[in-house]
Asker: 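I'd like to ask some things about the structure below.
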Amino acid sequence: MVMTTLTIITGDQLSPDIASLQAIERGRDHVLMAELSDEVEYVRHHVKKIVLIFSAMRHFARKLEETGHRVHYHRFDPAARVRSFSDAVAAHCDRHRIDEIVVTWPGEWRVFDEFNRLEKTLGIPVRMLDDDRFVSTPGEFAEWADGRKSLRMEFFYRLMRKRTGLLMDEQGEPEGGQWNFDAENRKKWKGRPAAASPMSFAPDEITREVIELVRSHIDGFGELDGFDFGVTPEQARRSLAHFVKTGLASFGDYQDALPDDEDYLFHSRLSAYLNIGLLGPLEVCEAVEQAWRDDLVPLNSAEGYIRQIIGWREFIRGIYWHEMPGYADRNHLGGDQALPEWYWSGQTGMRCLHRAIENTRANAYAHHIQRLMVTGNFALLLGVRPAEICEWYLAVYADAFEWVELPNTLGMVMFGDGGLLASKPYAASGKYIQRMGDHCANCRYAVTERTGEDGCPFNALYWDFLMRNEKVLGDNPRMRMMYRNVERLAPAEKAAITKRANWIRENVEAL
Ligand code: FAD
Ligand code: DLZ
């Protein structure tokens, strides 16, 4: 008897070679894709993120059909009874005889749990395959991590360099004699060389239809006008080539810069394409390495970029699957403050935060240093409840899926895991923001002031953060210098800092 298999392809599994598509027989087995209310509503996603996912799903489904797959596509209908993956699969299995369900390991624990429950609720075996679009697997990460006191990206990254051979010489040594050129990647940008910008695509008919659907039915976050993401693998590849040609050479030098008037500077805006499967991490890294071998870009740029992908991206995913589901509830520093409302509106007089949120609202994007040292740093210093800031990051970026958002936010930004991911909190005062960019020159607050009414709120909050958390952080060897500076503060200055920080917390909505 012929067995029929059903595979579900989720909105972030849009890769023709994904494991679950390799495991089925084209033309005989069924592919199910669904635009679902539950997935649209579990956080208040940016409307551009929803358009990107729906349009890329529709383009992908069409391609699968053209290549002989039997695709069952469920279009978004807010009134439909089918709201979740489980509803969609159950409805499909009611109408068709399905003997087995095959899925690729999903990107969020919530969905992983839902897929695992299908077997019990439907009485049909579910086979979950590793997502081989990553360089490493959760199993390999666990093997590497188990028994280590702390997990550091740098060591995992070296393993990935050796594994992939990227930027390795013939003797098996790192090119340039060094694994990491991070120290060369911290220049302030002063308007030269001219900023690059990501490749922009005019919406085609499918995208225009999705934009109208989202406009009329979905109350999401952010601005819908100006949607210009690519929605097919071909467009994503053109974006990669464009970045390699126009942005990569300066990526390394200005990776940490915080310019007031540039939303992308030399960042690639490839994360959303990578995360929904339009690009693979190795094809991206190989293009970057080739540009260096062809002498088109310096080594600090190529290494810096490759490190983000096979280092940070893989490491972050490893942490997520190693630590979930408990990871999401961790709150090592006991943050208990509400997230300010202006994280959603951008209406704050603090220029750096205003610009980062404006970029976020307009583009479903902010670059890494805006996420880490501006919106993230402020939430850390204020003492926001980690779950609230994690939900914000998961909602507002086109590239946000929990496997990558959560460790970055809870671990890297909020130190909520107590140092599992980062050896110390990335806490910084206004001075850092001033050093890395020119927001402060355009700000209504004075970066040079600590406790006055017009003083930059990052300043008082920074010193207050150190004082409040001294019991938990004071013994951290990487924070010794910071605590030595706290010791030097006169009692009256400490009292003034506490007073100003308390005022900021009580009046945060008015900042
Ligand atoms: P580029 O600066 O051009 O970097 C190149 C690529 O490296 C990115 O496309 C991305 O794939 C990868 N990368 C760089 N840093 C990281 C990192 N820390 N973790 C994982 N991958 C990385 N990235 C996401 O993809 N999704 C998220 O939901 C997400 N949430 C974040 C939340 C916070 C609080 C912070 C601090 C960082 C977060 N990041 C996230 C990481 C990083 O900020 C984004 O990947 C990057 O800004 C995307 O823009 P880009 O493609 O222009 O990146
Ligand atoms: C983020 C998202 C949204 C908004 N909508 C859908 C959808 O309708 N259908 C779908 O298959 N996936 C969607 N996604 C992605 C999922 O919410 C989830 O992030 C991934 O499946 C990872 O587990």
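Position 1 is the first residue of the sequence, and the numbers go up from there. Remember, it's 1-based here, ligands and their atoms both numbered in the order they're listed.
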Asker: With respect to atom 14 (C) of ligand 1, which of Met373, Met414, Gln308 exhibits the smallest heavy-atom separation?
Answerer: Gln308
Asker: Please list, in number order, the atoms of ligand 1 under 4.0 Å from a heavy atom of Leu372.
Answerer: 36 (C)
Asker: Quick one: closest heavy-atom pair of Glu35 and Leu213, and the distance?
Answerer: OE1-CD2, 4.2 Å
Asker: Can you confirm if the aromatic rings of Tyr432 and Phe458 lie within a centre distance of less than 6.0 Å?
Answerer: no
Asker: With a cut-off of 4.0 Å, which atoms of ligand 1 are near a heavy atom of Asn275?
Answerer: 24 (C), 25 (O), 26 (N)
Asker: Would you say ligand 1 has an N or O under 3.5 Å from any N or O of Tyr365?
Answerer: yes
Asker: Check each of Ser136, Pro138, Pro407 against Arg317 using the side chain to side chain contact (heavy atoms under 4.5 Å, CB included) test, and report the only one that passes.
Answerer: Pro138
Asker: With a 4.0 Å cut-off on heavy atoms, is Phe85 in contact with ligand 2?
Answerer: yes
Asker: Which residue and atom name correspond to the protein heavy atom nearest atom 48 (C) of ligand 1, and how close is it?
Answerer: Ser271 OG, 3.2 Å
Asker: Quick one: look up the protein heavy atom nearest atom 23 (N) of ligand 1 and list residue, atom name and how far away it is.
Answerer: Val404 CG2, 3.6 Å
Asker: Which class fits the ring pair Phe112 and Trp109: parallel under 30°, tilted 30 to 60°, perpendicular over 60°?
Answerer: tilted
Asker: Between Glu402 and ligand 2, which part of the residue brings a heavy atom under 4.0 Å of the ligand: side chain, backbone, both or neither?
Answerer: neither
Asker: Could you tell me whether Lys48 and Asp228 have a side-chain N and a carboxylate O separated by less than 4.0 Å?
Answerer: no
Asker: Please could you name the atoms of ligand 2 that His45 approaches to less than 4.0 Å, counting only its heavy atoms?
Answerer: 1 (C), 4 (C)
Asker: Using heavy-atom distances, let me know which of Lys49, Glu41, Glu39, Glu35 sits nearest atom 13 (C) of ligand 2.
Answerer: Glu39
Asker: With a distance cut-off below 6.0 Å to the six-membered ring centre and an angular limit of 45° from the axis, does Arg371 pair with Tyr397 as a cation-pi contact?
Answerer: yes
Asker: Between Arg158 and Glu154, is the salt bridge (Lys or Arg N to Asp or Glu O under 4.0 Å) condition met? List the steps.
Answerer: CA-CA 6 Å; Arg158 292 179 191 180; Glu154 181 62 27; 3.1 Å; yes
Asker: Would one find an N or O of Glu108, backbone or side chain, under 3.5 Å from an N or O of ligand 2?
Answerer: yes
Asker: Return the orientation label for the Phe134 and Trp403 ring planes: parallel under 30°, perpendicular over 60°, tilted otherwise.
Answerer: perpendicular
Asker: What do you reckon, does Tyr42 put a non-hydrogen atom under 4.0 Å from ligand 2?
Answerer: yes
Asker: Under 4.0 Å from any heavy atom of Arg269, which atoms of ligand 1 are there?
Answerer: 50 (P), 51 (O), 52 (O)
Asker: Name the closest protein heavy atom to atom 1 (C) of ligand 2, giving the residue it belongs to and the distance to 0.1 Å.
Answerer: Ile53 CD1, 3.4 Å
Asker: Short list, please: which atoms of ligand 1 are under 4.0 Å from a heavy atom of Phe251?
Answerer: 1 (P), 2 (O), 3 (O)
Asker: Which is closest to atom 46 (C) of ligand 1 by heavy-atom distance: Gln370, Arg371, Glu405?
Answerer: Arg371
Asker: What about Thr409: any of its N or O atoms under 3.5 Å from an N or O on ligand 1?
Answerer: no
Asker: Between the side chains of Ser37 and Glu41, is a donor N or O closer than 3.5 angstrom to an acceptor N or O?
Answerer: no
Asker: Tell me the contacting part of Tyr397 for ligand 1: side chain, backbone, both, or neither, using a 4.0 Å heavy-atom threshold, strictly below.
Answerer: neither
Asker: Please say whether Trp312 places an N or O atom under 3.5 Å from an N or O atom belonging to ligand 1.
Answerer: no
Asker: Is there a nitrogen or oxygen of Tyr393 sitting under 3.5 Å from a nitrogen or oxygen of ligand 1?
Answerer: no
Asker: Would Arg269 and Phe229 count as a cation-pi pair here, with the cationic atom under 6.0 angstrom from the ring centre and within 45° of the axis?
Answerer: yes
Asker: Nearest to atom 8 (O) of ligand 2, what protein heavy atom do you find, and at what distance?
Answerer: Leu36 N, 2.8 Å
Asker: What I want to check is whether the side chains of Asn180 and Arg161 have a donor and an acceptor closer together than 3.5 Å.
Answerer: no
Asker: Polar-atom distance check: Phe401 versus ligand 2, any N or O pair below 3.5 Å?
Answerer: no
Asker: Which ligand 1 atoms, with their elements, are less than 4.0 angstrom from a heavy-atom of Val413?
Answerer: 34 (C), 36 (C)
Asker: For Thr10, which part has a heavy atom under 4.0 Å from ligand 2: side chain, backbone, both, or neither?
Answerer: both
Asker: Which word best sums up how the rings of His72 and His30 line up, parallel for under 30°, tilted for 30 to 60°, or perpendicular for over 60°?
Answerer: parallel
Asker: Record the part of Phe76 in heavy-atom contact with ligand 2 below 4.0 Å; permitted values are side chain, backbone, both and neither.
Answerer: neither
Asker: With a 4.5 Å limit on heavy-atom distance, are the side chains of Tyr327 and Leu421 in contact?
Answerer: yes
Asker: Pick out which of Phe378, Phe221, Tyr343, Trp342 makes a ring-ring contact (aromatic ring centres under 6.0 Å, His included) with Trp392.
Answerer: Tyr343
Asker: Could you report the tightest heavy-atom contact between Ala338 and Val384, atom names first, then the distance?
Answerer: O-CG2, 4.1 Å
Asker: With atoms numbered from 1 as shown, which atoms in ligand 1 lie under 4.0 angstrom from a non-hydrogen atom of Ala366?
Answerer: 47 (O)
Asker: Which heavy atom of the protein is the closest neighbour of atom 22 (C) of ligand 2, given with residue, atom name and distance?
Answerer: Asp12 OD2, 3.1 Å
Asker: Measuring from atom 7 (C) of ligand 2, which candidate in Ala34, Ala88, Gly107, Ala398 has the nearest non-hydrogen atom?
Answerer: Ala34
Asker: Considering only non-hydrogen protein atoms, determine which one is nearest to atom 28 (O) of ligand 1 and report residue, atom name and distance to 0.1 Å.
Answerer: Ala400 CA, 3.1 Å
Asker: Check each atom of ligand 1 against the heavy atoms of Leu274 and keep those under 4.0 Å away; list them by number with element.
Answerer: 11 (O)
Asker: Between Gly11 and ligand 2, does any nitrogen or oxygen pair lie at a separation below 3.5 Å?
Answerer: yes
Asker: May I ask you to check whether Trp321 and Phe141 place their ring centers less than 6.0 Å from one another?
Answerer: no
Asker: For residues Phe115 and Phe85, establish whether the separation of their ring centroids is below 6.0 Å.
Answerer: yes
Asker: Say whether Met412, considering both its backbone and side-chain N or O atoms, lies within less than 3.5 Å of an N or O atom on ligand 1.
Answerer: no
Asker: Can you confirm whether the side chains of Tyr365 and Ser271 place a donor and an acceptor under 3.5 Å from each other?
Answerer: no
Asker: Can you tell which part of Ile316 has a heavy atom less than 4.0 Å from ligand 1: side chain, backbone, both or neither?
Answerer: side chain
Asker: Provide, to 0.1 Å, the distance between atom 31 (C) of ligand 1 and the closest protein heavy atom, together with that atom's residue and name.
Answerer: Asn408 CB, 3.6 Å
Asker: Considering only protein heavy atoms, which is closest to atom 47 (O) of ligand 1, and at what distance to one decimal place?
Answerer: His368 N, 3.4 Å
Asker: Given Gln235 and His59, is the side chain to side chain contact (heavy atoms under 4.5 Å, CB included) satisfied, shown in steps?
Answerer: CA-CA 12 Å; Gln235 290 178 330; His59 281 88; over 6 Å; no
Asker: Check ligand 2 against Arg110 and write out every atom of the ligand that is under 4.0 Å from a heavy-atom position of the residue.
Answerer: 17 (O)
Asker: Looking only at protein heavy atoms, identify the closest one to atom 53 (O) of ligand 1 and say how far it is in Å.
Answerer: Ser268 OG, 4.0 Å
Asker: Quick one: look up the protein heavy atom nearest atom 2 (O) of ligand 1 and list residue, atom name and how far away it is.
Answerer: His267 ND1, 2.7 Å
Asker: Do you see a donor-acceptor pair shorter than 3.5 Å between the side chains of Asp12 and Thr10?
Answerer: yes
Asker: Taking NZ, NE, NH1 and NH2 as the nitrogens, is one of them in Glu234 or Arg238 under 4.0 Å from a carboxylate oxygen of the other?
Answerer: no
